[in-house]
Amino acid sequence: MDVAVLIFLSSGLFLGWSLGANDAANVFGTAVGTRMVRFTTAAIICSAFVILGAVISGGGVAHTLGKLGAINAIPGAFMVALAAAATVYLMTKAGLPVSTTQAIVGSIVGWNLFSGSLTDTATLVTLTATWVICPLLAAAIAAVLYKGVAAGLRAAKLHLIRLDAYTRAGLILAGAFGAYSLGANNIANVMGVFVPVSPFTAFGIGEQFVFSSAQQLFLLGGVAIAVGVFTYSKRVMMTVGRDILRLSPIAAFVVVVSHSLVLFLFASQGLEHLLARAGLPTIPLVPVSSSQAVIGAIIGIGLLKGGRGMDYRLLGVVGVGWLATPVIAGLFCFVALFILQNVFNQQVYRPAEYALSETVLARAAAAGIDVAPVRALRGIRYPSATRLGDALGERIAIDNQTLKTFVAYAEVDRMTIDPRRLPDLGDSLLTAPQLAAVERLAGQTFIHRWMLDEALARESGEWAPLPPTTVNRIANRALDEKRQAVYNLFRVAPTR
Amino acid sequence: MKPFAIFRKTRELESQIDQFCDTVDQGGLAFKLGITSYLEGDTAAFEDKLKQVNELESQGDSLRRMIERRLYTQTLIPESRGDVLGLLENMDQILNKCEGPMWQFAIEKPEIPNEFRADFAKLLEAVVEAVEALVAASRAFFRGLETVSDHMHKVMFYEKEADKVSTKLKMAIFSGDLDLARKAQLRNFVEHIDNIADTAEDVADRLAIYTIKRSI
């Protein structure tokens, strides 16, 4: 791996570090601040579980962020992460409970605007809706849990000393769970933008276990978070534990558990799969703000106790954070990308090209879109998805879904299959039938990604996506990751 | 109940606190039996109880020190550590206040006129009831906050009772025809005994605050 790649990853690591410094306090702040748990104990547990959560369960959320905008050049990813990190830093300086999630989303949208990529509005709506739901859900869970725990403790009549011992054990367990959920949910914020441009290759340990390139990135991000926890979180923990939240240890336990449950709900692919199998609606896998989940949980307990002594200003601050953080990060990212591209001559996005060829129109027609009104656009090349959208918009009333379909079909991405490069993928990413399918396509050139997808699916059933039901979502996500690796491997630099 | 080995130290500390409560409780009972024996003129039994109160007092001291040291070195119950220390020290005071009058009886050997003996016995009864109610309230503080007030009001009740009896006794003493020195000596003994109930009430008042603090 060359040094430049490491330099570009550094902004993600910086973002990870600040996440560790700030958000670890949400998990262990009260426990350490009230001296129920020693800082060293907390830091070790927190780091270990953040890394585990990131590597084991980080994938689902990262995929959602990838749908919002697939950053396709590493200098661009560098700036997206840097803009988010800088926003987090500035907002923290201003004393606002800032969320890396909101910063990274704003930043990605900034990149989309700069590169002329389409922002997936459906994903954006899901994301923003979740930000509102997350604290509310945390409040509800905390209120119910608090009632339950209080009733249980009354019934159990524990000795003060034993209650203390159990609370300590509870805080440590809840903290471990919280750190795991934090890693699973928030690693995407730190490393998600680097996934499509990951410099790592997958490798396998034994037959079953595959360490994908995304997981290697997440491990690196997890380590950055851990470094943040060890080097800087103590101060924040003391502040959170003593000044902001005057909570009894039991209430602190409830807050941490509620926070962790919320983060876990929005990150667990396993739970998503279970829900889907039972025919229940699934929870979107979305990065949420750990700080806002904590504030939600505290408000939940506060309201349960009659709302006395509560700081309602906090609610306003959260609201401001929702608006201000993504906007600032987006603007920052846009301006910084401009500078990086024009002053430092870095390629911040891979120039795309969109063309409505006969094949594309035929494919769109096959997908049930009326292509007659846009036939006149045949042969014109568009430099960005937004330009294509504008051109289409002049001809037909186009909804978001249709536009997305058109863009996906029209995007030119030249790939020539050269099986000699296959070993670069590592020997465990693709299955044997999948490899064989790729090899059979040797020498062929594909102009669009979907053409390669379809060709591969014809060669081997293992390249065919399952029907897009919620149950199949995880399998299709894994397939997407493999396809992405194949695209990156065989891509031919655009000729313009 | 044996949940986990990691909670072994917790159980030890719990039982030390229980033992400390037992010690204070027994201190009160031994005090009552000892003074009763003195009033009945049974010197041997009195000496025996004096020894017992003495032992209980030093046992209470060492238990208290052990508990306090553990609370601090293992940084236990950070939220209510100060309160628990206060409670233990104040309860220890009760043991001291039981031991003191016993020694004074042993040293001064006051002659209690027959007509006052019944009231002395009543005073003793009220004082020891107050101490027992306080110990029960303290146990409840450790185990289940809801029942603290069930015991607390008894402390107040018996303290008032002890005050009434002691006032009545002092008035009777000073309206009699003993010489002033004896009157003053008897009054001192009444006050020393009544003092125990007053201390119990002071501890109960603090306990009430600790309880409110814990339930928030």
Side-chain angles (χ1 to χ4, degrees), chain A residues 28-42 45 146-147 149-173 176 237-238 240-242 245-255 298 301-302 304-310, chain B residues 1-22 63-64 66-88 136-150 207 210-216:
Chain A
F28 273 109
T30 350
V32 172
T34 54
R35 302 204 180 275
M36 289 292 276
V37 177
R38 264 200 305 272
F39 172 73
T40 335
T41 315
I45 293 172
Y146 190 80
K147 274 272 180 204
V149 169
L153 286 179
R154 261 199 302 279
K157 292 211 182 306
L158 290 172
H159 194 281
L160 175 63
I161 301 293
R162 184 166 305 211
L163 179 64
D164 179 69
Y166 286 175
T167 309
R168 258 164 228 270
L171 279 171
I172 289 178
L173 289 178
M237 284 187 188
M238 288 304 182
V240 168
R242 286 198 194 142
L245 329 172
R246 286 300 302 177
L247 290 176
S248 69
I250 306 282
F253 168 76
V254 171
V255 166
I298 292 168
I301 294 179
L304 195 69
K305 288 183 164 180
R308 267 171 297 129
M310 267 183 40
Chain B
M1 195 169 84
K2 257 191 178 176
F4 299 109
I6 47 167
F7 294 121
R8 186 178 53 84
K9 282 186 172 170
T10 307
R11 279 203 304 280
E12 274 174 24
L13 183 57
E14 236 174 77
S15 78
Q16 279 178 343
I17 292 178
D18 278 343
Q19 277 176 40
F20 180 77
C21 289
D22 292 346
L63 272 172
R64 175 177 59 81
M66 237 177 329
I67 296 166
E68 288 177 353
R69 200 167 43 237
R70 276 198 138 163
L71 287 182
Y72 268 98
T73 54
Q74 297 171 19
T75 60
L76 300 176
I77 48 169
E79 296 286 290
S80 29
R81 195 188 303 150
D83 294 350
V84 168
L85 292 190
L87 179 64
L88 295 179
S138 307
R139 285 190 209 270
F141 173 75
F142 285 111
R143 290 209 179 264
L145 288 179
E146 291 80 15
T147 49
V148 172
S149 58
D150 296 352
L207 188 56
Y210 300 156
T211 308
I212 293 168
K213 269 170 77 178
R214 258 194 73 196
S215 53
I216 287 175

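Naming: A, B, ... by sequence-line order, numbering from 1 per chain.
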Within-4.5 Å side-chain heavy-atom neighbours: Ile77(B) and Leu163(A): no
Part of Thr147(B) within contact of chain A (heavy atom distance under 4.5 Å): neither
Euclidean distance, Leu158(A) CG relative to Thr10(B) OG1, rounded to 0.5 Å: 11.0 Å
Closest non-hydrogen atom pair between His159(A) and Ile17(B), with its separation: CE1-CD1, 3.9 Å
Per-residue contact mode, Glu14(B) against chain A (heavy atom under 4.5 angstrom): both
Heavy atoms of other groups near Lys147(A) NZ, more than 12 under 6.0 Å: no
Interface moiety of Arg38(A) toward chain B, non-hydrogen atoms closer than 4.5 Å: neither
Distance, nearest 0.5 Å, that separates CG of Leu160(A) from CG of Leu76(B): 9.5 Å
